[in-house]
Amino acid sequence: MERLSDSRPARLPGVGQTGQDTTGQRAQHVLVTGATGYIGGRLVPRLLAAGHRVRVLVRNPDKLLDVPWHDDVEIVPGDLSEQRDTERACTGVDSVYVLVHSMSSGKDFERTEAALAGIMARSCAAAGVQRVIYLGGLHPDDVELSAHMRSRAAVGRILLDGPVDAVVFQAGVIIGSGSASFEMVRHLAEELPVMPAPSWVRNRIEPIAVRDVLHYLLHALDLPEGLNRSFDIGSREVLTYAAMMNGYAAAAGLSRRLILPLPLPAPRLAGWWVGMVTPIPMSMAFPLVQSLQHDAVSAEHDVDDWIPRPPDGLTGYRRAVELALLRMRENEVETTWAGASGAGHDADPLPSDPDWAGYKVYVDERTHHCDAAPEYVWRVIEGIGGKNGWYSLPLAWAVRGWVDKFSGGVGLSRGRRDPQRLHTGEAVDWWRVEHIERGRLLRLRAEMKVSGEAWLELEVRPDAESSDAASATGKLSAGEQDTAHTAGCTYHQRAIFFPRGLTGRLYWLAILPFHGVIFPSMSRNIGAAAVRLQQAGSGADRVPGDRER
């Protein structure tokens with residue numbers, strides 16, 4: 001996978017014999033694809049901090065509205081499958097990061113990923129890009145790989161064989177707060193003190209901390225021209241998967257886990273088991289488990305001759321776990337595996353137009369007068385989901401989540417990145433934040449398995465505004481109009497469903513009785529939680545949930 005014939009590279013300027021960085025980087029103009037994903041969302045602010053100009057290519061720019069670096073980057077809307085879009089995005093940049101993967105896409109994902117890699121290679125050549133940087137997977141060369149690992153290896157080869165020099169990093173299990181691999185280890189270790197497990201828990205794995213992955217990606221911009229090759233990257237600490245789970249247990253203060261390797265030959269069975277025990281949906285659990293069927297250990301350490309190690313050295317597994325847990329405790333998780341939404345959602349119909357022309361629509365609408373001030377109602381709204389729950393019949397929500405998980409959906413255990421604050425594009429259990437007007441409106445799009453498209457809107461209106469709007473549309477009764485002018489505000493809630501065919505319509509009719517119980521109590525309990533929050537004082541930090549109900 002190399003085109004450069006030199007057997008021993010010249011050492012980078014500024015890299016001493018100890019491998020430490022002694023100079024700054026040359027500022028470049030770079031393009032990042034996958035900026036809404038786990039790695040891309042963390043790499044962008046580090047590129048900016050290093051003085052580089054950053055451009056990002058995204059299908060839906062709204063997903064970046066709330067990121068702290070929004071105003072510091074150039075955002076180009078476009079689709080990676082359209083060469084015109086990628087050429088436009090590549091024009092004028094020095095280097096391109098390819099950080100897009102299709103872990104949960106359809107059956108034809110191998111052909112799709114290969115086509116996207118070919119488009120990117122041609123676009124970079126047409127635009128005069130100097131280098132492509134890709135993050136692939138660590139894998140052995142002498143075995144039959146799983147489809148997803150085979151696809152990542154193929155993308156790396158396409159970029160290396162293309163007309164533009166490429167650097168392909170091959171990493172194994174990435175450990176960091178919010179990573180899919182870390183969440184899988186975390187939930188397995190926390191939920192199962194005694195763990196029957198497939199035989200692959202004995203396989204040798206070389207994990208790597210997310211901070212070290214970002215270090216290598218950032219310093220790839222320092223590499224000299226003409227370099228075209230792959231690099232294996234890792235922590236240099238080789239463990240079994242069983243040792244990783246017990247290493248997590250030790251770091252988290254848990255007792256040692258009893259892991260019983262069993263001869264389970266079917267990877268799909270193990271993937272189903274992981275999908276049911278952890279928040280990882282089946283569509284991601286299967287490829288993650290398949291990637292563990294073989295040893296994943298660096299075959300070479302040539303990267304040391306080209307890129308300096310981090311100033312504090314490579315991060316060991318135990319330290320990586322401790323850092324991830326610290327970020328979680330301090331609510332400082334930058335990005336999560338759930339941050340990237342599924343393909344195709346950007347083009348789906350939106351419920352912002354009340355006419356919804358061309359669609360059959362079902363709506364469940366609730367209005368509740370709250371005695372709390374609007375800002376307290378909003379704090380409850382923005383804190384919904386995750387540990388705070390959904391403010392009505394937790395058992396019913398849990399059962400629906402298990403049904404969704406069993407059907408191959410994301411389930412309700414995906415949680416949320418921050419317990420108090422939301423951003424556009426973030427995951428909240430089986431929902432995703434589609435639109436947020438802070439202090440006023442939250443719109444969530446459902447990502448559960450269902451025959452149609454569903455949204456949930458939660459809105460708080462000052463009394464004068466809500467009274468005028470509702471009176472104009474005739475939605476308030478005479479008694480409600482009288483109370484609308486008292487102290488407090490109005491909470492407005494809408495569940496919107498676009499059915500798909502007869503199955504979708506039957507689904508709505510089947511759940512209608514449950515909506516009649518869940519949604520009224522949800523609106524009342526949100527109002528009651530806001531009142532308790534206001535009574536506790538404006539300094540209260542935690543939104544009171546509904547777990548005790």
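Position 1 is the first residue of the sequence; numbering continues from there. Predicted model, so just to flag it, every value in this text is computed and none were measured.
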Side chain proximity check, [X] to [Y], heavy atoms < 4.5 angstrom:
| X | Y | answer |
| --- | --- | --- |
| Ser230 | Tyr134 | no |
| Leu239 | Ile205 | no |
| Leu99 | Tyr38 | no |
| Ile133 | Phe169 | yes |
| Ile307 | Asp222 | no |
| Leu223 | Arg131 | yes |
| Lys387 | Pro419 | no |
| Val30 | Val93 | no |

Just by modelled atom types, is the [Y] backbone N or O under 3.5 Å from a matching donor or acceptor in the [X] side chain?
| X | Y | result |
| --- | --- | --- |
| Arg88 | Pro77 | yes |
| Thr335 | Gly41 | no |
| Arg416 | Ile384 | yes |
| Asp85 | Asp79 | yes |
| Asp66 | His423 | no |
| Arg327 | Glu332 | no |
| Tyr97 | Leu217 | yes |
| Tyr317 | Pro207 | no |
| His215 | Arg211 | no |
| Gln28 | Leu221 | yes |

Ser523 versus Gln493, side-chain donor and acceptor atoms under 3.5 Å: no
Could you check whether atom [atom1] of [X] has more than 12 heavy atoms from other residues, nucleotides or ligands sitting under 6.0 Å from it?
| X | atom1 | value |
| --- | --- | --- |
| Arg53 | CZ | no |
| Arg319 | CZ | no |
| Arg236 | CZ | yes |
| Arg84 | CZ | no |

Apply side-chain contact (heavy atoms from CB on, under 4.5 Å) to Asp232 and Glu206, showing your working. CA-CA 10 Å; Asp232 291 354; Glu206 184 178 353; over 6 Å; no
Point-to-point distance, once rounded to the nearest 0.5 Å, from [atom1] of [X] to [atom2] of [Y]:
| X | Y | atom1 | atom2 | value |
| --- | --- | --- | --- | --- |
| Leu456 | Glu434 | CG | CD | 12.0 Å |
| Ser235 | Arg318 | OG | CZ | 14.5 Å |
| His29 | Glu74 | NE2 | CD | 5.5 Å |
| Ser95 | Asp165 | OG | CG | 10.0 Å |
| Leu57 | Thr36 | CG | OG1 | 10.0 Å |
| Phe519 | Tyr391 | CZ | OH | 15.5 Å |

Search all heavy atoms of [X] against all heavy atoms of [Y] and return the closest pair with its distance.
| X | Y | value |
| --- | --- | --- |
| Phe497 | Ala454 | CD1-CB, 3.9 Å |
| Ala320 | Ile175 | CB-CG2, 3.8 Å |
| Gly172 | Leu138 | N-CB, 3.6 Å |
| Asp212 | Gly313 | OD1-O, 4.4 Å |
| Phe182 | Ser177 | CD2-CA, 4.3 Å |
| Val428 | Val433 | CG2-CG2, 4.0 Å |

Which of parallel (below 30°), tilted (30 to 60°) and perpendicular (above 60°) describes Trp390 and Trp397? parallel
Check the orientation of Trp455 and Phe498. Use parallel for under 30°, tilted for 30 to 60°, and perpendicular for over 60°. perpendicular
Determine, stepwise, if the pair Arg445 / Glu453 fulfils salt bridge (Lys or Arg N to Asp or Glu O under 4.0 Å). CA-CA 8 Å; Arg445 178 196 289 272; Glu453 301 293 337; 3.7 Å; yes
Assess whether salt bridge (Lys or Arg N to Asp or Glu O under 4.0 Å) is satisfied between Arg46 and Glu334, documenting all intermediate values. CA-CA 12 Å; Arg46 287 160 177 79; Glu334 289 183 69; 2.9 Å; yes
Should Ser298 and Gln170 be marked as a side-chain contact (heavy atoms from CB on, under 4.5 Å) after you check the CA-CA gap, both sets of side-chain angles, and the distance that decides it? CA-CA 8 Å; Ser298 296; Gln170 298 180 153; over 6 Å; no
Given Leu314 and Glu237, is the side-chain contact (heavy atoms from CB on, under 4.5 Å) satisfied, shown in steps? CA-CA 10 Å; Leu314 294 169; Glu237 181 181 7; over 6 Å; no
Kindly indicate, with the supporting measurements, whether the criterion side-chain contact (heavy atoms from CB on, under 4.5 Å) is fulfilled by His368 and Arg366. CA-CA 7 Å; His368 178 72; Arg366 308 284 170 173; over 6 Å; no
